[in-house]
There are 2 protein chains.
Amino acid sequence: MGGSRIGEQGDGVLRLTKKADYGLMALKYLAEHPDSVSVSAKDIADTYGIPPQLLAKVLQRLTKVGLLRSHAGMNGGYALSRQAQQISAFEVIHAIDGPLFITSCTKGSKSCDLEPNCTIKEPLARVNESIAGVLKSISVYDLVDADTAAARGQDGLVTLLHSQAV
Amino acid sequence: MGGSRIGEQGDGVLRLTKKADYGLMALKYLAEHPDSVSVSAKDIADTYGIPPQLLAKVLQRLTKVGLLRSHAGMNGGYALSRQAQQISAFEVIHAIDGPLFITSCTKGSKSCDLEPNCTIKEPLARVNESIAGVLKSISVYDLVDADTAAARGQDGLVTLLHSQAV
DNA sequence: TGAAGTGCGACAAATTTAGTCCTATACTGA
DNA sequence: TCAGTATAGGACTAAATTTGTCGCACTTCA
């Protein structure tokens, strides 16, 4: 990183909720088990030690949004509705956490609650889009094998940023 | 599950706290008033209609970190300790919100609390660095005049991302 | 000396996130 | 057809975080 690394390594700025984490972990798991016709929420939850009911809700949400296909009943569960390469981290996070804005003061399409002064919002909105772009360039498949992903040429955006910016 | 806002426009991913917002707004204000020797927290708070005491704390923090210089007593207040061009949004956000990690499960340098399975963390760490890079490429000066910033060549990273990603 | 500042620690309120409970419904297989 | 296993989802509680307030000590300057 340029020079002002303050502590440890791995500082960051983006904050994912646990639900988004769970969702990404689950999709990764599904991508790693293409053999299984469908995997139950409980199986995944057990594997990672996360609350089954909470994961269930996350998966239900991902199903609702169309990223997963569900199957009730015995031997039921979930499966990716597309190839892992075709599902971006952005889609997952967006589906679970909903649209988040870079500035806290931006709610929906309304401007700042009280003041017309939040002139900071506009320039940061572009940053926001940049970040969305990065997230869109990462697929669930990339999560499965990060090294492979790094070697690929397709994510030039990410590697570009990685080498140039940090 | 909380709000299920699905539609809208202007989606984003990065979430800043209000404190970080306030900090950026204050720095922007200071950058816009280079004439003033020092500006009090109250002045800025009044301008933007934000809680004075809260802003005070934010400014104190920025001072502690070295981004601002403070002066107590009458006619006291704060001033940028460097040129606005030399202060990145990353520094501000990091100073106020502290190091945030892209995955919620990463605490300090420890791995996931319970499981050794959070293999998602590692690939996302690179995304994290990318985002940090974007934020580092944005200066307080850029907030003052976003259009000027867009025209400049120096933030090629941002414009690149902007055009390619979203 | 007193008014106007910063510097800080403790605390209270508000909001968000995480997790649980309960019930309904769907599918499967014996 | 019935019992067991799974998804679907609403309501609710608990925990954590964020936001904001209060009070006091200290500094500066007129």
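We name chains A, B, ... by the order of the sequence lines, and we start the count at 1 in each one. No hydrogens, no waters, no symmetry mates; every other heavy atom, side chains included, goes into these values.
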Distances under 3.5 Å between nitrogen or oxygen atoms of protein and nucleotides 21-24 of chain D:
residue: D/dT21; atom: O4; partner: B/K57; partner atom: NZ; Å: 3.3

Given [N], is OP1 or OP2 found less than 4.0 Å from the side-chain N or O atoms of [X]?
X: B/S38; N: C/dG5; result: no
X: A/Y22; N: C/dG19; result: yes
X: B/T63; N: C/dT6; result: no

Working for side-chain contact (heavy atoms from CB on, under 4.5 Å), residues B/Y48 and B/Y22 = CA-CA 9 Å; B/Y48 292 107; B/Y22 296 162; over 6 Å; no

How close or far is atom [atom2] of [N] from atom [atom1] of [X], stated in whole angstroms?
X: B/L55; N: D/dT19; atom1: CG; atom2: C1'; value: 13 Å
X: A/L16; N: C/dT17; atom1: CG; atom2: P; value: 12 Å
X: B/Q60; N: D/dT27; atom1: CD; atom2: P; value: 14 Å
X: A/D43; N: D/dT7; atom1: CG; atom2: C1'; value: 13 Å
X: B/D46; N: C/dG5; atom1: CG; atom2: C1'; value: 14 Å
X: A/L62; N: D/dG9; atom1: CG; atom2: C1'; value: 15 Å
X: A/K18; N: D/dA16; atom1: NZ; atom2: P; value: 9 Å
X: B/L59; N: C/dA4; atom1: CG; atom2: P; value: 19 Å

task = Give the C-alpha distance, both sets of side-chain angles, the deciding distance and a yes or no for side-chain contact (heavy atoms from CB on, under 4.5 Å) between B/K28 and B/Y141.
result = CA-CA 7 Å; B/K28 175 171 185 281; B/Y141 178 79; over 6 Å; no

query = Once you round to the nearest 0.5 Å, how far does CG of B/L24 lie from CG of B/L16?
reply =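 Atom-to-atom, B/L24:CG and B/L16:CG are 6.5 Å apart.
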
task = Give the intermediate values and the outcome of side-chain contact (heavy atoms from CB on, under 4.5 Å) for residues A/L67 and A/R82.
result = CA-CA 7 Å; A/L67 295 177; A/R82 304 183 219 150; 3.4 Å; yes

ask   = Considering only heavy atoms from C-beta outward, does the side chain of A/I50 approach that of A/D21 to under 4.5 Å?
value =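 Heavy-atom side-chain distance check fails, nothing below 4.5 Å.
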
Does [Y] offer a backbone N or O that forms a donor-acceptor pair with the side chain of [X] under 3.5 Å?
X: A/D142; Y: A/S139; value: yes
X: A/S38; Y: A/N75; value: yes
X: A/S36; Y: A/V39; value: no

message = Output one letter per nucleotide in nucleotides 24-30 of chain C: B when a protein non-hydrogen atom lies under 4.0 Å from the base, S when only the sugar-phosphate is that close, - when neither is.
response = --BBB--

message = From the set D/dT7, D/dT19, C/dG7, return the single nucleotide nearest to any side-chain atom of A/S40.
response =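 Taking heavy atoms from C-beta onward, the closest nucleotide is D/dT7.
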
ask   = Given the rule in the side-chain contact (heavy atoms from CB on, under 4.5 Å) test, do B/L143 and B/L27 qualify, once you have shown the distances and angles that lead to the verdict?
value = CA-CA 9 Å; B/L143 299 179; B/L27 289 203; over 6 Å; no

message = Any base atoms under 4.0 Å from A/A41, or only sugar-phosphate, or nothing? Heavy atoms, all strands.
response =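 Result for A/A41 = sugar-phosphate.
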
